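Note on naming: letters A, B, ... go to the chains in the order of the sequence lines (proteins, then strands), and numbering restarts at 1 for each one. If you're wondering where the values come from, they're calculated on a predicted model, not measured in any experiment.
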Amino acid sequence: MGGQVIELQIYQLAAAYIFVLLLMVIVRIKGIHREKEIVIASIRMTLQLILTGYILVYLFENPHPALVILAIAVMLVFAVSNIIKRVKTPLSPKIKKVIALSMASGTLVSIIYFILVVINLSPWYEPRYFIPIAGMIIGNSMTGISLGVSRLVDGMNTQKNLVEAALMLGATPKAASKHIANNAFDSAIIPTINSMVGMGIVFLPGLMTGQILSGVSPVTAIEYQIAIMLGIVGSVSLTVIIFVELGYKTFFNHEHQLEL
Amino acid sequence: MYCLEGVKYRDILAIDSLCFPTNKITSVVGESGSGKTTLLRLLNKLISNDEGTILFNGTSLRDIDSILLRRKVVMLSQLPAIFPGSVKDNLLLGFTFADKPPVDDEKLYEALKMVHLSKELSGNAETLSGGEKQRLALARVILMEPDVFLLDEPSSALDDETEQLIIEKLVRHTRETGKTLIMVTHSKKVAREFSDVIIELKNGRVVGKEGV
Ligand SMILES: Nc1ncnc2c1ncn2[C@@H]1O[C@H](COP(=O)(O)OP(=O)(O)OP(=O)(O)O)[C@@H](O)[C@H]1O
Ligand SMILES: [Mg+2]
C-alpha cells in the first residue's frame, strides 16, 4: 500500500466530537429532544469501535480459522438480534427461527462463494480480508431482511381479510400470501438497488473510500467495490428469498389455516 | 351434507347435534355475536373445532384436506374482500386461487348480471361502493361453481329491493344446478321466504331449527 496515511491525532478526533456538540446545540435550539440519543449513540459508537479495533488487531496478528469463524458467528448473532429488535411488531418464535436460519444460510453461502471463488483468498481465513468482507455482507443483509420482516409481518396483520378471503376460495397459503411476500421482497431489495444506482456519482461507498484513503489506487479500489457490491446484492437477495419462502409459512398451521 | 356432533369451539360455539341437508337452502339467523360467522368458518375449515366432529358427506373434516375442501365449499366473507385491480382481475382471482382454468369475458358478465352489478370488467374494483363490492365478491364465488355455497350475510349492504332480487336469483341458480346453499342472514324475511331450513343461534348454541 504505497500512499502515505495521515494518522489522526487525539486533538483532531476531539475536533470531530466538537462538531457533534455543535449539532446538539442546534438540536436543542430547534426544540428537538434528541440530545440524549445523540450522546448515547456517539459514546456507544466510540466504545464499540475502540473495542473492535483491539479485537481486529488481535485477529490480524494471530490469524487462525477458529477465531475467524468465531468472529463471523458473533457478527451473525448480533445481526439476528438486531433485526428482531428493530422490527416494531411482535414476532412469533417460529419467525425468529426463520430469520436466524435465513441470515445464517444466505450470508454464509455468499461469503464462502465470495472468498473462495471471487477473491480466491489464501489462506481462506486471512482475517484482513475475510472479516471486513463478511462484515459488509452480513451488515447489508441485516438491513435488507429487517425491511422484509417488517413488511411481511405488517402485511399479514393488515391484510388478514384478503389472505383469509383467498383461503376461502381454495387458495394455497403460498398463493394467498403471494402479494405480501412479493412486497416484502421488493422492500428488502430496493435500498440495495438504489445504492447501486447512485454509486460513484451521488456518493463514494465506504469500502472504496477507505481503500483510497489508505493509499490504494482508485482503480483497484473500484474493482473491489464492484465485486463487493455484487456480493452484497447476491447475499441480500438470497437471504430475503430464503426468509420469504420460509417466513410466510409461519403464519399458517398444517391445516392451512391462518394463525395470527 | 354437513353434520355436527358435540362440536365446541373455544367458549364461542357449543353445538350438540346439527345437520345441514344436501341440495337445500339453509339460513342461519341469530343476534350479533351469536356465533354465525364462527359456524361458517368451521364448515370451511378456516378454523378447527376443539371438540366433537364435523362430518362432510360422512367424512370427518379432520380427514379432508383443507384446500380441496375449500374448493368444493366456497365461503363468502362477511366483509367483502376486494383486491387491488380491475373488476375482471377480481373475478379471475378466484380461478387463480382455486387453480382452475379461467372463463371468458361473456361468462364473467353473466356472473355480474346475476348479482345485478352493471359495471365494466375494466373498471377499478377498489372504487366501487360497499354494496357493489359485496356483489362483486358474490359474483366471484358464484363463478367458482362450488358444491356448497357458504355465504356470510351476502346482502347485508344492499337495499331491500336489490337484496330480494339477488337472493331470489341465487336461490334459483342453486336449485337449478343442484347445489347446496348455507347462508347467514340478518333478514327474517329473506330467511322465511327462501329457505328450506332455518337455524337460529344464540350465545353460540342452537336455539331453533325449522324445516329439519
Ligand atoms: N378470533 C376470535 N377471538 C376471540 N373471540 C372471537 C374470535 N372470533 C369471534 N369471536 C367472538 O365470538 C363471538 C361470535 O362471533 P361471530 O363473528 O361468530 O358472531 P356473528 O354471529 O357472526 O356476529 P355478527 O352478526 O355481528 O356478524 C363474538 O362474541 C366474537 O367476539
Ligand atoms: Mg358474523
- prompt: From A:L258 CG over to B:I47 CD1, what is the distance, rounded to the nearest 0.5 angstrom?
  reply: 12.0 Å
- prompt: For chain A, which residues of residues 26-35 of chain B have at least one non-hydrogen atom nearer than 4.5 Å to it?
  reply: none
message: Which one wins on heavy-atom pair count under 4.5 Å against chain A: B:K72, B:R41, B:M144?
response: B:R41
message: Test side-chain hydrogen bond (donor to acceptor under 3.5 Å, both in side chains) on B:S48 and A:Q257; report intermediate values, then the result.
response: CA-CA 9 Å; B:S48 292; A:Q257 298 166 342; 2.8 Å; yes
- prompt: Using non-hydrogen atoms and a limit below 4.5 Å, what part of residues 102-111 of chain B faces chain A?
  reply: none
task: Using a 4.5 Å cut-off on heavy atoms from C-beta on, say whether the side chain of A:L167 contacts that of B:S66.
output: no
message: Just verifying a value: how many Å separate B:L143 CG and A:L169 CG, rounded to the nearest 0.5 Å?
response: 10.5 Å
field: A:R28 CZ: over 12 foreign heavy atoms closer than 6.0 Å
entry: no
- request: Heavy-atom distances under 4.5 Å only: say whether B:L79 touches chain A with side chain, backbone, both or neither.
  value: side chain
query: Counting heavy atoms not belonging to B:D11, are there more than 12 under 6.0 Å from its CG?
result: no
message: Looking at every heavy atom in both B:R70 and A:G170, which two are closest together, and how far apart are they?
response: CB-CA, 3.9 Å
field: Which atom of B:L46 lies closest to which atom of A:M168, heavy atoms considered
entry: CD1-CE, 3.3 Å
B:K119 atom NZ, neighbour heavy-atom count above 12 within 6.0 Å: no
query: A:A175 and B:F97: which non-hydrogen atoms are nearest, and at how many Å?
result: O-CE2, 3.7 Å
field: Side chain / backbone / both / neither for B:D65 at chain A, heavy atoms under 4.5 Å
entry: side chain
message: I need the minimum non-hydrogen distance between B:F83 and A:L162, along with the two atoms involved.
response: CZ-O, 3.5 Å
task: Counting only heavy atoms closer than 4.5 Å, note whether B:L69 contacts chain A via side chain, backbone, both or neither.
output: neither
message: Minimum heavy-atom separation for A:P173 and B:I67, please, with both atom names.
response: CD-CD1, 3.9 Å
- prompt: More than 12 foreign heavy atoms under 6.0 Å from NZ of B:K169: is that the case here?
  reply: yes
message: Within the supplied structure, the quantity of interest is the number of heavy atoms (other residues, nucleotides, ligands) at a distance under 6.0 Å from B:K100 NZ; does it exceed 12?
response: yes
task: Step through the shown structure and confirm whether more than 12 heavy atoms of other residues, nucleotides or ligands are within 6.0 Å of NZ on B:K113.
output: no
